[in-house]
There are 2 protein chains.
Amino acid sequence: MPILSNKGRNLPESPIRKLSAFATKAKTEGVHVFHLNIGQPDIDSPKDSIDVVRNNNLKLLPYESSEGSLSFRKLLCTYYKRNKIEVLPEDIIVTTGASEALAFTLNCICDAGDEIIIPEPFYANYNGFAAASSVKVIPIVSLFDEQFCLPSISTIEKKITTRTKAILICNPSNPTGYLYSQEEIKLLGDLALKHNIFLIVDEVYREFIHSEVDKHFSVLQYEKLKDHAIMIDSVSKRYSLCGARVGFMVSKNKNLISTALKFAHLRLSPATLALMASEAAINSDPEYLIHVKNEYSKRKKTLIQALEKIDGVRVSNPKGAFYCIVELPVEDAEEFSKWMLTDFTYQNETVMFAPAAGFYSTPGYGKKQIRMGFVLNQKDLLRCAKILEKALKAYSN
Amino acid sequence: MPILSNKGRNLPESPIRKLSAFATKAKTEGVHVFHLNIGQPDIDSPKDSIDVVRNNNLKLLPYESSEGSLSFRKLLCTYYKRNKIEVLPEDIIVTTGASEALAFTLNCICDAGDEIIIPEPFYANYNGFAAASSVKVIPIVSLFDEQFCLPSISTIEKKITTRTKAILICNPSNPTGYLYSQEEIKLLGDLALKHNIFLIVDEVYREFIHSEVDKHFSVLQYEKLKDHAIMIDSVSKRYSLCGARVGFMVSKNKNLISTALKFAHLRLSPATLALMASEAAINSDPEYLIHVKNEYSKRKKTLIQALEKIDGVRVSNPKGAFYCIVELPVEDAEEFSKWMLTDFTYQNETVMFAPAAGFYSTPGYGKKQIRMGFVLNQKDLLRCAKILEKALKAYSN
């Protein structure tokens, strides 16, 4: 038997999908499983985005431009301008999801053994993409009791070494919902400038801010950062187009973009039909996004209120995105989540969560926590809270 | 300005797309450019594959299963069985193009600094994917004058070190059209077994064999190789679905597949609409593939005959795939190809080729060669040969 790579063998299993086999088994046994483990929205995509695919008159599916067509990138510039972000088409590479935008970024800036600093808990797949590029993730713990706010700049600065290539954050954050303030982005930006490293910001949840007072501040709005800022973006959550696999890598650093373009040429192009759907979505009425944002904000309120009523449950108050971290009165939230799929039902229903330990890279953290996505309608979310309450009672007996 | 990675800076530009900017410029000046540089077929996809997308009744685009749905993988097993390849659904991971299948493979078997042996000239992007994983490509030259046949096993064996993880071939080969015999596959397989390394075979051109006598022998047909064989595959060329970005990684090595599945979870899933189109294509009448194969065989004959009539031009005789390597009576085929886009037209038309030097990793090789794809109809191919003839005459003056 030939030996596999260390990076392959050591790659952590995704906490979002690792319990999937148990959910599948429960379903084959006739149990209804609510999926709060994954960020799969249930809101309809803009009608135009599906219609354009239905009305296509292609005879075959050709490759597209590796970086995305000029018309697509121009349209994106208009979208960004509406969000007070000034970029040019040549600052953008259209990618196969935000996943690929992150992979391109890591490949462009890191060699094997280089380091990236990330506040944890963080989107679990950052770990995986780093591992795939043999890049070392240097975590900095942010705390549940502080609503996962940014650790102090001096704590972060202490972690910077000669191998550090970037600081990576998700704003607003998956999985915590934390929204970084303009001041925090500028502090991080100044730190990146001081040490001549990149500040990478995953902004795929930009539109989903749950208070009228809070405003999203993009890393590309901080003008001093011209060469040091990289924004990761995607149509997946914004337009319920997760299955399009269309994202963006955006930066004003011309060297970076021309290097990323070589990686883009390698994989030829994003998917043709998905690009059609995404272009139509971006071109759709901006009212669509307001409607979606309001829907998630309502769901958030409903879910958080219901969770707060459950004995022993503590829940973070996400300012953005559509996830919250929930601390449960159990020793091991992963064991509990698995048990909910294998040994528990309430009126023949159960819920699948993502155990939060997988969103930390420091061992031992997040053991009592789960991540819940408020990706279902309010009625279903209330039902999920009820099932969780019943499960916790049964589990403690 | 922060420093980019060595791997990013050193990544070679794709020879297939590196002259694209010159082609674009020629087109904006009103010149018609025939594209023989890229493997973009012009044959219609199976009608069902486009119709299924037109008739979709989705409301949004959800993530798909990371490894491809069971029904899709079962269908693939039926297709493979027709090709005398016995595999199970759990031996298959559906990927975002053959590109991703190769990236997963390299990530699963190689750490930074590990080595892969590849006969050159080889599909240029192998270089890029290796670079992205910090893997070293060890080339073994195969010769134009020997129709690019497999170098001797002893030559290959001499290159095997403790860092060697695999031998990689493309069968039939892009860019040479060489078809490896059953005997050669078994010799390579035995070598892989002897040194306990993998034999990776890219079989995306499996269907396109230009003689009734020759038969394709898949690496998965060699039963001794169970744990050592990895097949890379794709719907792109077979069904003119390049823009679907749907491919496959296939192996009976269970450890390998479960490791690859972790990388698959990372990027969530292939594109939803593309999977629909691909499933319908694979399920379409097998007569479709016979028709496509015959069309490419006719084109091959037409193109080769026309090229052989041009003074000073030598052309390989591809037994499979839809490319040939052409040796030109010029010092530097890349300079010549560029000149054809920037300084030459014949009746306001010109042709874009892929300079072959980019398909070698040993410097200096292939300098007089280009790769031509016979992806256009016979009339256009004859026209391209005529334009090449005129261009060579003009260039020599």
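Each chain gets a letter, A, B and so on, in the order its sequence line appears, and its residues count up from 1.
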Compare every heavy atom of [Y] with every heavy atom of [X], then report the nearest pair and how far apart it is.
X	Y	result
Ser45(A)	Leu61(B)	OG-N, 3.8 Å
Leu60(A)	Pro41(B)	CD2-O, 3.8 Å
Phe263(B)	Ala132(A)	CE2-CB, 3.8 Å

Item to complete: Could you grab the distance from atom CD of Glu67(A) to atom OG of Ser20(B), nearest 0.5 Å is fine?
Response: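 The CD atom of Glu67(A) sits 8.5 Å away from the OG atom of Ser20(B).
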Discussion item. Nearest 0.5 Å, please: how far is CD in Glu64(A) from SG in Cys242(B)?
Written reply: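 Atom-to-atom, Cys242(B):SG and Glu64(A):CD are 11.5 Å apart.
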Who among [options] has the most heavy-atom pairs with chain B under 4.5 Å?
options	answer
Ser240(A), Pro46(A), Pro270(A)	Ser240(A)
Ser269(A), Ala274(A), Ala260(A)	Ser269(A)
Leu241(A), Val53(A), Asn56(A)	Asn56(A)
Ala166(A), Ala277(A), Cys108(A), Ser99(A)	Cys108(A)
Gly8(A), Pro2(A), Pro62(A)	Pro2(A)
Cys110(A), Ser14(A), Ala112(A), Ser133(A)	Cys110(A)

Does [Y] offer a backbone N or O that forms a donor-acceptor pair with the side chain of [X] under 3.5 Å?
X	Y	result
Asn196(A)	Met1(B)	yes
Gln40(A)	Tyr63(B)	yes
Lys262(A)	Leu11(B)	yes
Asp111(A)	Asn6(B)	yes

Interchain contact, [X] with chain A, by part (heavy-atom threshold 4.5 Å):
X	value
Leu193(B)	neither
Arg54(B)	both
Ser5(B)	both
Ser66(B)	both

Below 4.5 Å from any heavy atom of chain B, which atoms of [X] appear? Answer side chain, backbone, both or neither.
X	result
Ser65(A)	backbone
Asn253(A)	side chain
Ile16(A)	neither
Tyr123(A)	side chain
Ile43(A)	backbone

Worksheet entry | side chain to side chain contact (heavy atoms under 4.5 Å, CB included) between Leu4(B) and Asn255(A), intermediate numbers included | CA-CA 8 Å; Leu4(B) 301 184; Asn255(A) 270 343; 3.9 Å; yes
Discussion item. With side chain to side chain contact (heavy atoms under 4.5 Å, CB included) as the criterion, how do Lys7(B) and Asn107(A) come out once you've worked through the C-alpha distance, each side chain's angles and the decisive distance to 0.1 Å?
Written reply: CA-CA 7 Å; Lys7(B) 75 175 166 196; Asn107(A) 276 329; 3.0 Å; yes
Worksheet item: What residue, out of Thr272(B), Leu266(B), Ile38(B), Leu273(B), has the most heavy-atom pairs lying under 4.5 Å from chain A?
Response: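 Heavy-atom pair counts peak at Leu266(B).
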Discussion item. If we define contacts as heavy-atom pairs under 4.5 Å, which of Asp42(B), Asn127(B), Leu58(B) has the most with chain A?
Written reply: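 Most pairs with chain A among the choices: Leu58(B).
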Exceeds 12 heavy-atom contacts within 6.0 angstrom, atom [atom1] of [X]:
X	atom1	answer
Ile3(A)	CD1	no
Lys59(B)	NZ	no
Lys27(A)	NZ	yes

Worksheet entry | Contact check, side chains of Arg245(A) and Leu268(B), non-hydrogen atoms, under 4.5 Å |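 In short, these two side chains touch, coming nearer than 4.5 Å.
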Worksheet entry | Worked check of side chain to side chain contact (heavy atoms under 4.5 Å, CB included) between Asn125(B) and Arg267(A) | CA-CA 8 Å; Asn125(B) 287 354; Arg267(A) 59 62 165 135; over 6 Å; no
Fill in: Full working for side chain to side chain contact (heavy atoms under 4.5 Å, CB included) between Thr96(B) and Glu100(A)
CA-CA 11 Å; Thr96(B) 305; Glu100(A) 190 180 64; over 6 Å; no
